[in-house]
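First the proteins, then the strands, lettered A, B, ... as listed; each starts at 1.
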Amino acid sequence: MSDRIPRWALAEDGDGRWHATPLDDPTGGRRLTTTDPAEAIRAAPTGTRWVWRSTQAVYPRLLAAGTRVERCHDIEDAELLLLAHEGRLGEPRSAAAAWARLTNAPVPPDPPQRAAEPGSQHSLFDPQPAPVPLDALVAVHADQVKRQGATAHPDRMRLLVASESAAFLVAAEMNRAGLPWRADVHRALLTELLGERYAGRGQPRRLAELADEVSAAFGRRVRPELAADVIKAFAEAGIKLKSTRRWEIQELEHPAVEPLIAFKKLYRIYTAHGWSWLADWVHDGRFRPEFIPGGTYTGRWVTNGGGALQIPKVIRRAVVADPGWRLVVADADQMEPRVLAAISRDPAFMEVAGRPEDLYTSISRQGFSGDRDMAKIAVLGAVYGQTSGDGLKNLAALRRRFPRAVAYVDDAAKAGEEGRLVRTWLGRTCPPPTDPEDAEELPDGYVPSYASTDARARGRFTRNFVVQGSAADWALLLLAALRRSLAEAGMRAELVFFQHDEVIVHCPEEEAPAVVAAIRAAGDLAGRITFGETPVRFPFTTAVVECYADAK
DNA sequence: GACAGACGCGCC
DNA sequence: AAAGGGCGCGTCTGTC
């Protein structure tokens, strides 16, 4: 091990017993067996890195017993990261599978994932996979350490594994804490927006009224929640639609447009965050989704249950701190372009990303021919692979001003189009193309149009992957640094929410200034640890509020 | 009745 | 400004 931090392995055996051992002396006298995993934690030195099969399987039980750990190495997460790096994504990633590969035994498939049910606490694997003996866990860990050393950038891969393991600790703690949620405020809001619910069944009053207005505009009964019905109604009125998406409808000259758009907006609230959502997901003043780090290919987190990463802005009114407490809401400013500056090492881009001001404003003032909005469109177009429109003109200006930054994402796109893999800064690797042989087996010079379309889509994916994914790398380090500093300061503050570039900490009012400072420090520390010493800064917009809706 | 896929839209 | 990247999840529709 390159670090001096002690490592212990901890495994559950299926008979309710736990086995633990220090990795520097796995068969020695400090090996222990217990029915209480917290006892094993207490037996090891403070700060030990716990090597276990799955943080999601083990850590909630430790937290329930009031036991916290500082560090871990999540075998099944590490396996997934290593398999992806080795171009073997799709092979089973369970600890049992990794052990089987080591011993040339038949490799068991991963158990299927189960969706979260309202109110259920944890739900990663169902049923639980067969237990992996402690010695097998020790052997798999040793193999993973070896494989980390064989990656393109071993130090970065070690950092990725450690920081995503830390993220699983953060996630388990956030799952336990829950997001403060005032059901009474939410209910009042629903009534204000949607109107009263009629006794029995049927849509609430305001929705029913808007549906009536839509029907009146068409001169017949139309159910606005049915896309097929809406398309038919417009066709009868002589308007051909490909879809009923808002941006396609809102340009139309028709009396149904206004009530229809209003209906769609409220219908969404009603179905996705209405009364039944509230009954399903909010209990005892907390909304408890299940946060899952690394749930996407790019490394962004997902949540399981309750749509926690899609809480509509209006509904945030219901997120209210406990009495005497505050929410510290912190948003990383222009995270993705700053990350692009750091990973591309474009000198001019790093220079503007090191200024303590809005990044897009800086760009627009630095020889870029356009205003802030044009600069923003150009940057986002470069990161997303925009194919048409004004963004392309602005992109040309961006390329002249920041050639290395644009070349970085262009190279990633080219790699994708050619069927190669790309990686984030810390080494998270994109999935292989679905059908890599196709391109090679085609006759020379013959490229069917669908194939080139697929290749371009793949190019847009890999172009975005390197930026979105490297931003997710940085966010892992941010969370790990913040978790650590809140704990070391002995604060009661708790991380309660994380959404790509935004964190919410729930804390006693008097701790709020220290929390704000801790977040700012963690952002810049994460930048240095992730990307090395660069001029790039990672500032935050912060707000100390009682209600989430009052932030920005 | 279960399930898969399309659609649509919320968030970043 | 245009409709490009990543998701989850609700409804509806078609299929078994």
Exercise for review: Can you sort out the partners of A:Arg268 under side-chain contact (heavy atoms from CB on, under 4.5 Å), two or more places apart, ordered by chain and number?
Suggested key: A:Ala272
**Study point:** Euclidean distance, atom CZ of residue A:Phe461 to atom P of C:dG5 [Å, nearest integer]
**Key:** 11 Å
Practice item. Looking at every strand, decide which applies to A:Gln499 at a 4.0 Å heavy-atom threshold: base, sugar-phosphate, or nothing. Key: sugar-phosphate
Practice item. Would you mind classifying the nucleic acid contact of A:Tyr297 as base, sugar-phosphate or nothing, using non-hydrogen atoms under 4.0 angstrom? Key: sugar-phosphate
Review point. Are the aromatic rings of A:Phe218 and A:His254 close, with centres under 6.0 Å apart?
Key: yes
Check your understanding: Any chance the side chains of A:Glu76 and A:Ser54 put a donor and an acceptor closer than 3.5 Å?
Key -> no
**Study point:** Test side-chain hydrogen bond (donor to acceptor under 3.5 Å, both in side chains) applied to A:Asp371 - qualifying residues, sequence neighbours left out
**Key:** none
Review point. Residues two or more places apart in sequence or in another chain: which of them pass side-chain contact (heavy atoms from CB on, under 4.5 Å) with A:Asp410?
Key: A:Arg399, A:Val406, A:Arg463
Exercise for review: Starting at the 5' end of nucleotides 2-8 of chain B, put B wherever the base has a protein heavy atom under 4.0 Å, S where only the sugar-phosphate does, and a dash everywhere else.
Suggested key: ------B
Check your understanding: Contact class for A:Gly469 vs. all strands (heavy atom < 4.0 Å): base, sugar-phosphate, or nothing?
Key -> nothing
Review point. OP1, OP2 of C:dG4 versus side-chain N and O of A:Arg460: anything below 4.0 Å?
Key: no
Point to revise | By side-chain contact (heavy atoms from CB on, under 4.5 Å) - contacts of A:Ala480 (at least two apart) | key: A:Ala166
Exercise for review: Round to a whole Å and report the spacing from CZ of A:Phe465 to C1' of C:dG6.
Suggested key: 11 Å
Study note, to complete from the structure: Taken to the nearest whole Å, OH/A:Tyr270 to C1'/C:dC9 is 16 Å
**Study point:** Rounded interatomic separation in angstrom, taking CH2 from A:Trp281 and P from C:dG10
**Key:** 8 Å
Review point. Which residues satisfy the side-chain contact (heavy atoms from CB on, under 4.5 Å) test with A:Asp473, sequence neighbours excluded?
Key: A:Leu160, A:Thr424, A:Trp425, A:Leu426, A:Arg428, A:Ser470, A:Thr530
Exercise for review: Please list, chain by chain and in numerical order, all residues satisfying side-chain hydrogen bond (donor to acceptor under 3.5 Å, both in side chains) with A:Asp358, sequence neighbours excluded.
Suggested key: A:Gln334, A:Thr361, A:Arg372
Exercise for review: Using the salt bridge (charged side-chain N to carboxylate O under 4.0 Å, His left out) rule, collect all pairs that involve residues 328-346 of chain A, keeping only residues at least two apart or in two chains.
Suggested key: A:Arg300-A:Glu336, A:Asp331-A:Lys552
Study note, to complete from the structure: Note: contacts of residues 311-319 of chain A with DNA chain B (heavy atom, under 4.0 Å) are A:Ile311, A:Pro312, A:Lys313, A:Arg316
